[in-house]
Amino acid sequence: MAREKSSKDNAKALFHSLRSAYAATPVNLKIIDLYVGFAVFTALIQVVYMASVGSFPFNSFLSGVLSCVGTAVLAVCLRIQVNKENKEFKDLPPERAFADFVLCNLVLHLVIMNFLG
Amino acid sequence: MATMPILPNMPVLDLVKSFKLKTKQQELLIRVSILCLVYVLAFITRLFSVLRYESMIHEFDPYFNYRTTLYLTQNGFYDFWNWFDYESWYPLGRIVGGTLYPGLMVTAALIYRILHFLRFAVHIREVCVLTAPFFASNTTLVAYFFGKEIWDTGAGLVAAILIAICPGYISRSVAGSYDNEGVAIFALLFTFYLFVKAVNTGSLAWSLASAFGYFYMVSAWGGYVFIINLIPLYVLVLLITGRYSMRLYVAYNCMYVLGMLLAMQIRFVGFQHVQSGEHMAAMGVFFLLQVFYFLDWVKHMLSDTKLFQAFLRITVTCAVAVGAIALGLGMLSGYISPWTGRFYSLLDPTYAKDHIPIIASVSEHQPTAWSSFMFDFHILLFLFPAGLYFCFKRLSDATIFIVMYGLTSMYFAGVMVRLILVATPAVCLVSAIAVSATVKNLTVLLRSKNKGVQTGSTKGSSSSKASSKALLDQSQPFQKNGAIALLFGAFYLLSKYATHCTWVTSEAYSSPSIVLAARGAHGSRVIFDDYREAYFWLRQNTPPDAKVMSWWDYGYQITAMGNRTVIVDNNTWNNTHIATVGRAMSSYEDEAIEIMRSLDVDYVLVVFGGVTGYSSDDINKFLWMVRIGGGVFPVIKEPDYLVNGEYRVDKGAAPKMLNCLMYKLCYYRFGEMLTEYGKPPGYDRARGVEIGNKDIKLEHLEEAFTTSNWIVRIYKVKPPNNRW
């Protein structure tokens, strides 16, 4: 009983502290996080759809899911490079990071369009 | 020698001084000139066979690559990508577009088009022959940049020089060896260099470049599996040793997702990146990275460690459970295919001999002997551990990578002879670190403190020892001498390496295998051009739709040069079809003719070395035909052809051996042939015995053509007799 209560307390305290820490992040990072969440959500919808109607043609399914996962991952990389707290990237201008992000996304979507079939 | 006269040459000195460059510019000039020389050297050392014989394609596999490149340049990319070849594997055909790695052909066709655009009217064969040396030169440049990334420019230069002449690489990239490895090793090293650069800089642009490098590698060779397993292993090692950083996340994720997508565009690879067991390590590490960095981010956000521990426990257990369940389900349901035989035999070398005789029979797949290592690497063999020591002394992300690459590739090189090629760049790079670091330390010793004796010590060895000995202070009299002696030792070793490499290239790796050479009785050179003689006979004297049955080794050459349909060829994708041919070759003539009529065979081609002493002929390969045929058709039993476990062709041979189709076809009319002075007629020079069955009569076949040295023999299948 006490253990259950303490674990519940733990979960609540965890949730609260995470929420308060997250509220302190800058707005541009939150926008990127929103984009990542949207991409992952789209991927999940596609997986659920595939589970219900079957995976033929497989290349279309893969290209759809991988485009979502790919752009999510690239957005996370952008977030890492733009985040001012990361000392490794302090001399990388954010414009350059964004340009790299756009270039990689361009290549990603070109390949996806070829793969969609 | 007298000292340099100063006074009379004053005006000349002034002129020279006006051209004098700053040290940095001097260094750049030296570096660029060394790289240019190395580039040219790597190209010209591979040209021995072109100078001795002619510009032709070597071996067996390159003939298929040449034929496909020819088709590509004549018919365009769309027809090439969708090509169905009905001239091989009769009656099955082969979907060429979906079963080859197009990188090599597309590269050669591109070079051909560029040269034609610049109005150089070269034939595609010349481009094919010289593609591998050209890419070997490019590899030396990549090795320079890679060495510079790992250690410094000195190591880069030494790496470029070492890899330019290393026999392990030359063996598969001589002029004429138009095979996937010629381009693939360049792609391998290039991908590794770009990835290490991406990890060092953490830039998305470099990761994108490494994804493209990986795409080129996937399009070029099946050995890309090495990359897709080594890089996740490297990431795992970095994570375990605590060297993880944000740069690693950026580099690996971008490269994995984009690389995987690009790789799936090659039809031959298809969906293997998500379905095959060999590629699951990369996916596993991908998910592990996401979990790892997510936890790291949460830890960074939370200030309370106790809460974080709880969160950590929950997340890790959930993630591991989900991952294990997914993997287990995938493997059990068969969705994720297990490791294929080709790669499984690398982990368990005894697997192929018991289960897959075709893989075991290829001579390049045998385990490596020590002599092969010494032959192919020479001094690099002991410089490699020395380089490992230096790498461990100065650990960084890049040196950890090269250590891992070196160790894993050396293990695989020990399992299979063919994979010495993959180990060569790693061995060259690590040895270059050893050489460069040692020479640097020694020259620092030489140049330290007593700058005054610098000019004195650069003239001749004995005088410098005397003069420097006189001028040095007594505390370190022998250190300088030791350094000079060691430097001379290093110079001697490296020059011996260069001599060895050139000798090996000239003697061992420059033979075209399709043209044989030997020394005649008076020391003159004798050339056996029998193979091409036979293929051109086929091309000119048989109907265009004739089908030729031969052992699979010669399939590619027959289709490329003879331009006739074959039953089986080197692709070996259908074991049952090859076993059918093996069964036909090992049966009595009456049974064999049934099989040949069912396959519509018109001509049979065998290779026989009894007259010339050529030892890679079909009689020596016969037991493999029996084993492969017997693997599918139990009616063929290997002990029937052996006597007390011994393989013989003379009088004491097994009766089934003396009457099987292969024996008859090889030794037909050989019983009357006098091959060597003082030996009876019918003396087989390759086996060294007099053959057992000299009186051979063929009932269903007739001899069509035998080449001038009896190396290739072609027989025509007679149509069935008329009924009356």
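A, B, ... follow the sequence lines: proteins, then strands. Residue 1 opens every chain. Below, all heavy atoms of this structure are taken into account, side chains as well, without hydrogens, waters or symmetry copies. These numbers were taken from a predicted model, which means no experiment stands behind them.
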_Using the ring centroid of each side chain, check whether B:Phe192 and B:Phe146 are separated by less than 6.0 Å._
no
*Which answer fits B:Thr201, side chain, backbone, both or neither, if we ask what part of it has an atom under 4.5 Å from a heavy atom of chain A?*
backbone
*Could you check whether the rings of B:Trp81 and B:Phe77 sit parallel, tilted or perpendicular, using 30° and 60° as the cut-offs?*
parallel
_Is there a side-chain contact between B:Tyr249 and B:Gln290 in this structure, where contact means two heavy atoms from C-beta onward sitting under 4.5 Å apart?_
yes
*Among B:Gly202, B:Ser207, B:Ala211, B:Gly270, which has the most heavy-atom pairs under 4.5 Å with chain A?*
B:Gly202
*Contacting region of B:Met264 [heavy-atom separation from chain A under 4.5 Å]*: both
*Mutual orientation of the aromatic rings belonging to B:Tyr252 and B:Phe195 [parallel < 30°, tilted 30-60°, perpendicular > 60°]*: perpendicular
*Which residues pass the side-chain contact (heavy atoms from CB on, under 4.5 Å) test with B:Val96, sequence neighbours left out?*
B:Phe64, B:Thr68, B:Trp83, B:Asp85, B:Arg94, B:Leu100
*Using non-hydrogen atoms only, which part of A:Phe89 is less than 4.5 Å away from chain B: side chain, backbone, both, or neither?*
side chain
*What about the rings of B:His273 and B:Tyr256, do their centers lie closer together than 6.0 Å?*
no
*In terms of heavy-atom proximity below 4.5 Å to chain B, should A:Arg19 be classed as side chain, backbone, both, or neither?*
neither
_With a 4.5 angstrom heavy-atom cut-off, is it the side chain or the backbone of A:Asn86 that approaches chain B, or both, or neither?_
side chain
*Segment of A:Leu108 engaging chain B (4.5 angstrom heavy-atom cut-off)*: both
*Which portion of A:Ile112 sits near chain B, non-hydrogen atoms under 4.5 angstrom*: side chain
*If you tally heavy-atom pairs under 4.5 Å against chain B, which of A:Tyr22, A:Phe115, A:Phe101 wins?*
A:Phe115
*Under 6.0 Å between the ring centres of B:Phe190 and B:Tyr216?*
no
*asked:* Please classify the contact of B:Phe215 with chain A as side chain, backbone, both or neither, using a heavy-atom distance under 4.5 Å.
replied: neither
_Partner residues of B:Ile400 under the side-chain contact (heavy atoms from CB on, under 4.5 Å) criterion, sequence neighbours left out_ = B:Tyr234, B:Val237, B:Leu238, B:Arg243, B:Leu395, B:Met404
*Between chain B and each of A:Thr25, A:Val73, A:Leu92, count heavy-atom pairs under 4.5 Å; write down the option with the most.*
A:Val73
_With a 4.5 angstrom heavy-atom cut-off, is it the side chain or the backbone of B:Leu262 that approaches chain A, or both, or neither?_
both
